[in-house]
Amino acid sequence: MLISFALFLTLLYLLLLFFFLLGLVGMKENFQDTYQPTVSVIVAARNEEGKIRRSLNSLAQLDYPTSKLEIILVDDQSNDLTGGIMMDYAERFSNFKVIQVKEETAGLRGKANAINLGIEYARGELIFLTDADCVVPRSWIRAMANQYKEDVGLVAGYTLLDSEGWFGGIQSLDWALLHTIAAGGVGLRKPLSCFGNNLTFRRQAYEQVGGFRGVPFSVTEDLVLFTAITRRTKWNYTYSITTKTLVWSLPCSTWQELFQQKRRWVVGGLGLGLKGFLILGLGFSISLFLCLGPLFGLGLVSCGVLWGLKLMADAVFLSIPLKRLNALSLMKYFPAFEIYFSSYVLTIPFLMLTGRKVKWKGRNL
């Protein structure tokens with residue numbers, strides 16, 4: 001009976017990964033080479049003096065007509081040199097603009113308030129979001145814009161992390177896994193999530209849902225906006241999986257910072273509803289059962305075989321998108337990632353029980 005249940009959980013997990021991969025590989029890159037809309041890139045930053053220059057340097061080198069591209073930098077009440085760095089780039093590049101957040105808009109807090117302010121000043125037909133610790137490829141604007149057929153209202157893309165060691169490497173694989181689940185869900189027309197540091201949408205779609213003022217407040221503002229556009233409008237949507245749109249960010253530098261990030265994601269992910277709970281529940285259940293199975297009579301051989309199946313499935317699940325992104329070298333961190341991944345999945349229920357208040361950039365949200 002015990003081995004049957006363990007096998008059932010494992011097969012269910014493998015089936016879930018298979019369907020997400022099916023959704024991912026079924027998506028095609030649809031390039032519309034003649035489409036050159038006006039684009040506004042929004043970068044909201046708070047106390048990012050040590051990271052923001054690498055991001056602004058990459059934005060300054062984008063391969064897109066300057067007359068059709070504006071970079072809007074939103075200083076979210078920083079108390080370091082972030083605002084000054086922004087002003088320096090605005091003086092050097094004519095299409096860079098700086099906006100200072102003076103106060104919170106009614107009903108909006110934190111990053112959602114800053115991005116909302118940036119979009120209010122934007123004039124672009126397409127809105128691009130990225131973060132102050134991200135580096136975008138020169139082809140980012142063109143390759144993303146080329147995905148916008150007439151019926152497409154939103155395009156999300158992959159983000160990986162620059163990794164110089166195992167700690168950053170396991171985080172990058174974690175992001176790759178979460179992106180693949182998100183991309184697979186989009187491919188299956190069951191949208192689940194996205195990452196706001198590589199997210200684009202039509203202004204029309206944004207205004208149709210009322211912008212950030214028209215959606216519930218969330219500590220993961222990108223997710224709630226993505227959910228609103230994909231579920232409440234008739235716009236089509238897609239996920240870009242190519243090096244031309246691949247954004248590189250930076251990993252958390254400490255375990256405490258990583259814990260806070262995970263907690264914010266878990267709290268924000270509560271808005272996914274039943275589908276999100278089922279996916280998280282399955283990941284938790286199989287990790288718990290395979291870790292504790294021997295204590296309840298599941299033989300070591302049986303447990304080892306099931307772990308082997310899970311490891312192979314996870315490896316394939318990560319390798320397919322990483323190969324498309326020319327990032328297969330990250331798989332050298334896979335053994336450490338599996339230990340990390342199984343461990344933190346087991347903590348998710350406890351993170352849910354610690355309340356919905358999170359701390360971000362020195363603010364309690």
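Closest non-hydrogen pair, Ser94 versus Thr66, comes out as OG-CG2, 4.2 Å. Summarising the geometry of Leu160 relative to Ala327, their closest heavy-atom pair is CD1-CB, 3.7 Å, with the distance given to 0.1 Å. Here the closest non-hydrogen pair linking Phe226 and Cys194 is CB-SG, 3.4 Å. Considering every non-hydrogen atom in both Ile241 and Ala183, the closest pair reads CD1-CB, 4.3 Å. Considering every non-hydrogen atom in both Ser139 and Lys244, the closest pair reads OG-O, 2.8 Å. A pairwise comparison of heavy atoms in Gln261 and Cys252 identifies NE2-SG, 3.6 Å as the closest pair.
Ser163 places no side-chain N or O within 3.5 Å of a backbone atom of Gly165 that could act as its donor or acceptor partner. No donor-acceptor distance shorter than 3.5 angstrom exists from the side chain of Asn197 to the backbone of Asp131, with no hydrogens or angles considered. The closest donor-acceptor contact from the side chain of Asn116 to the backbone of Ala112 lies at 3.5 Å or more, if one exists at all. Judged by distance alone, with hydrogens and angles left aside, the side-chain atoms of Asp222 form a donor-acceptor pair with the main-chain N or O of Gly196 at under 3.5 Å. Under a 3.5 Å cut-off, the side chain of Arg46 and the backbone N or O of Asp76 do form a donor-acceptor pair. Between the Glu70 side chain and the Arg123 main chain, a donor and an acceptor come within less than 3.5 Å of each other. Under the 3.5 Å distance criterion, the side-chain polar atoms of Glu257 are matched with a main-chain donor or acceptor of Ser253. Between the side chain of Ser58 and the backbone N or O of Val135, no donor-acceptor pair lies under 3.5 Å. Looking only at distances, no side-chain donor or acceptor of Thr238 sits under 3.5 Å from a matching main-chain atom of Val155. With Ser40 contributing its side chain and Gly124 its backbone, the two residues share a donor-acceptor pair below 3.5 Å.
Residue Gln204 places its CD atom among 12 or fewer non-hydrogen atoms of other residues, nucleotides or ligands, all under 6.0 Å distant. Around atom CZ of Phe167, more than 12 heavy atoms belonging to other residues, nucleotides or ligands sit under 6.0 Å away. Residue Arg232 places its CZ atom among more than 12 non-hydrogen atoms of other residues, nucleotides or ligands, all under 6.0 Å distant.
Taking 4.5 Å as the limit, every side-chain heavy atom of Tyr35 sits out of range of all side-chain heavy atoms of Lys149. Residues Leu56 and Leu73 have side chains in contact (heavy-atom distance under 4.5 Å, counting atoms from C-beta outward). Using a 4.5 Å heavy-atom cutoff, the side chains of Ile71 and Phe93 are not in contact. Residues Tyr13 and Asp314 are in side-chain contact: their nearest non-hydrogen atoms beyond the backbone lie under 4.5 Å apart. Between Pro321 and Leu24 the shortest side-chain heavy-atom distance falls below 4.5 Å. In this structure, Tyr237 and Arg189 have side chains that are in contact, with non-hydrogen atoms separated by less than 4.5 Å. By the 4.5 Å heavy-atom criterion applied to side chains, Arg142 and Gln36 are counted as neighbours. Counting only heavy atoms from C-beta outward, the side chains of Leu177 and Phe317 approach each other to under 4.5 Å.
The one candidate from Asn198, Thr245, Asp63, Thr200 that meets the side-chain hydrogen bond (donor to acceptor under 3.5 Å, both in side chains) condition with Trp140 is Asn198.
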Stepwise side chain to side chain contact (heavy atoms under 4.5 Å, CB included) check, Thr10 with Leu12: CA-CA 5 Å; Thr10 305; Leu12 195 61; over 6 Å; no
Run the numbers on Ile85 and Asp88 for side chain to side chain contact (heavy atoms under 4.5 Å, CB included), then give the verdict. CA-CA 5 Å; Ile85 295 170; Asp88 177 58; 5.6 Å; no
Leu21 vs Val316, side chain to side chain contact (heavy atoms under 4.5 Å, CB included): CA-CA, chis, key distance, verdict: CA-CA 9 Å; Leu21 278 180; Val316 171; 4.2 Å; yes
Apply the test side chain to side chain contact (heavy atoms under 4.5 Å, CB included) to residues Leu154 and Trp235: give CA-CA distance (whole Å), side-chain angles for both, the deciding distance (0.1 Å), then the verdict. CA-CA 8 Å; Leu154 180 148; Trp235 289 103; over 6 Å; no
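Of the charged side-chain nitrogens involved, none lies within less than 4.0 Å of a carboxylate oxygen, so that Glu207 and Arg202 do not count as a salt-bridged pair.
Here side chain to side chain donor-acceptor pair (under 3.5 Å) pairs that include residues 169-180, with residues two or more places apart or in two chains, are Tyr158-Thr180, Asp174-Lys262, Asp174-Tyr340, Asp174-Tyr344, His179-Tyr239.
Hydrophobic clustering keeps Phe195 apart from Leu250 (ILVMFWY residues linked when any side-chain heavy atoms are closer than 4.5 Å, directly or through intermediates). No single ILVMFWY cluster, assembled from side-chain heavy atoms under 4.5 Å apart, contains both Leu161 and Ile339.
Separating the SG atom in Cys134 from the CD1 atom in Ile52 is a distance of 11.0 Å, to the nearest 0.5 Å. In this structure, Leu311 CG and Trp307 CH2 are separated by 7.0 Å, a value rounded to the nearest 0.5 Å. Leu16 contributes atom CG, which lies 7.0 Å from atom CD1 of Ile181 (distance to the nearest 0.5 angstrom). Taking CD of Glu338 as the reference point, atom CG of Leu173 lies at 9.5 Å (rounded to 0.5 Å). The structure places CD of Glu49 at 4.0 Å from CG of Asp80, a figure rounded to the nearest 0.5 Å. A distance of 9.0 Å separates CG of Asn113 from CZ of Arg213, quoted to the nearest 0.5 Å.
Cation-pi geometry between Arg138 and Tyr64 is not satisfied (NZ or CZ under 6.0 Å from the ring centre, within 45° of the ring normal). Relative to the ring axis of Tyr206, Arg203 does not place its NZ or CZ within 45° and under 6.0 Å from the centre.
Thr82 and Glu48 form no side-chain donor-acceptor contact under 3.5 Å, judged by distance and modelled atom types alone.
Aromatic pair Phe337/Tyr333: ring centres not closer than 6.0 Å.
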